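These figures come from a predicted structure and were not determined experimentally. Values below: every heavy atom of this structure, side chains too, minus hydrogens, waters and symmetry copies.
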Amino acid sequence: TKAEVLLWLEIKNKKLGVRFLRQYSIGTYVVDFYSPEIKLAIEVYGVTHISPEEKAYDKFREGEIEKNGIHFTRFTNSDIYENISNVIERIKEKIIELKKCS
């Protein structure tokens, strides 16, 4: 999506100090962005994630992925379009938190 592209431009090439991969497979699932170094998955949610069924599936899917010690942070397309600088700050905070834990 356009929101994913905008976020990718801000996090690729270790711009935040860790490497992120795009459309990364974890078991049978694919996450939008993933940093193996700190085990952080970033998901960008658009309109396809608002129905109760999709929300339930997302919760199940994330639970399955989290069993591998992977942490999630989530943003909506609107978050990225309306305030990408806040999104980047929240990602930076999560990176710092996870680096302290490792």
Where do [X] and [Y] come nearest, in terms of heavy atoms and distance?
| X | Y | answer |
| --- | --- | --- |
| V30 | E43 | O-OE2, 4.3 Å |
| P36 | R19 | CD-O, 3.9 Å |
| T76 | V44 | C-CG1, 4.5 Å |
| D32 | I42 | CB-O, 3.3 Å |

Do the side chains of [X] and [Y] join up, straight or via other hydrophobic residues, at under 4.5 Å, putting them in one cluster?
| X | Y | result |
| --- | --- | --- |
| F60 | Y45 | no |
| I95 | I80 | yes |
| V31 | V87 | no |

Spatial distance of atom [atom1] ([X]) from atom [atom2] ([Y]) [nearest 0.5 Å]:
| X | Y | atom1 | atom2 | value |
| --- | --- | --- | --- | --- |
| I91 | I96 | CD1 | CD1 | 12.5 Å |
| L21 | I11 | CG | CD1 | 9.5 Å |
| E64 | E66 | CD | CD | 10.0 Å |
| L16 | L40 | CG | CG | 10.0 Å |

How would you list, by chain and number, every residue that makes a side chain to side chain donor-acceptor pair (under 3.5 Å) with K59, sequence neighbours excluded?
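Checked K59 against side chain to side chain donor-acceptor pair (under 3.5 Å); zero matches.
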Can you name the residues that form a side chain to side chain donor-acceptor pair (under 3.5 Å) with S85, not counting sequence neighbours?
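Partners of S85 by the side chain to side chain donor-acceptor pair (under 3.5 Å) criterion, ordered by chain and then number, come out as N83.
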Residues D58, R74; criterion side-chain contact (heavy atoms from CB on, under 4.5 Å); working and verdict
CA-CA 11 Å; D58 288 340; R74 301 156 199 85; over 6 Å; no
Tell me every residue that passes salt bridge (charged side-chain N to carboxylate O under 4.0 Å, His left out) with K94, counting only those two or more places apart in sequence or in another chain.
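Partners of K94 by the salt bridge (charged side-chain N to carboxylate O under 4.0 Å, His left out) criterion, ordered by chain and then number, come out as E97.
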Partners meeting side-chain contact (heavy atoms from CB on, under 4.5 Å) with N68 (sequence neighbours left out)
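With neighbours one apart ignored, the set is I26, I70.
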Please collect all ring pair (Phe, Tyr, Trp, His ring centres under 6.0 Å) contacts where either partner lies in residues 67-101, sequence neighbours excluded, each pair once.
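Residue pairs passing ring pair (Phe, Tyr, Trp, His ring centres under 6.0 Å), neighbours aside: none found.
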Scan for ring pair (Phe, Tyr, Trp, His ring centres under 6.0 Å) pairs involving residues 4-35, sequence neighbours excluded, and state none if there are none.
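For residues 4-35, and leaving out neighbouring residues, the ring pair (Phe, Tyr, Trp, His ring centres under 6.0 Å) pairs sorted by first residue read W8-F33, Y24-Y34.
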Per the salt bridge (charged side-chain N to carboxylate O under 4.0 Å, His left out) rule, what does the pair list look like for residues 84-93, sequence neighbours excluded?
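As it turns out, the salt bridge (charged side-chain N to carboxylate O under 4.0 Å, His left out) pairs with a partner in residues 84-93, which skip direct neighbours, are E89-K92.
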Which residue pairs pass the salt bridge (charged side-chain N to carboxylate O under 4.0 Å, His left out) test with at least one member in residues 1-16, sequence neighbours excluded?
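Counting only pairs at least two positions apart or across chains, no salt bridge (charged side-chain N to carboxylate O under 4.0 Å, His left out) contact touches residues 1-16.
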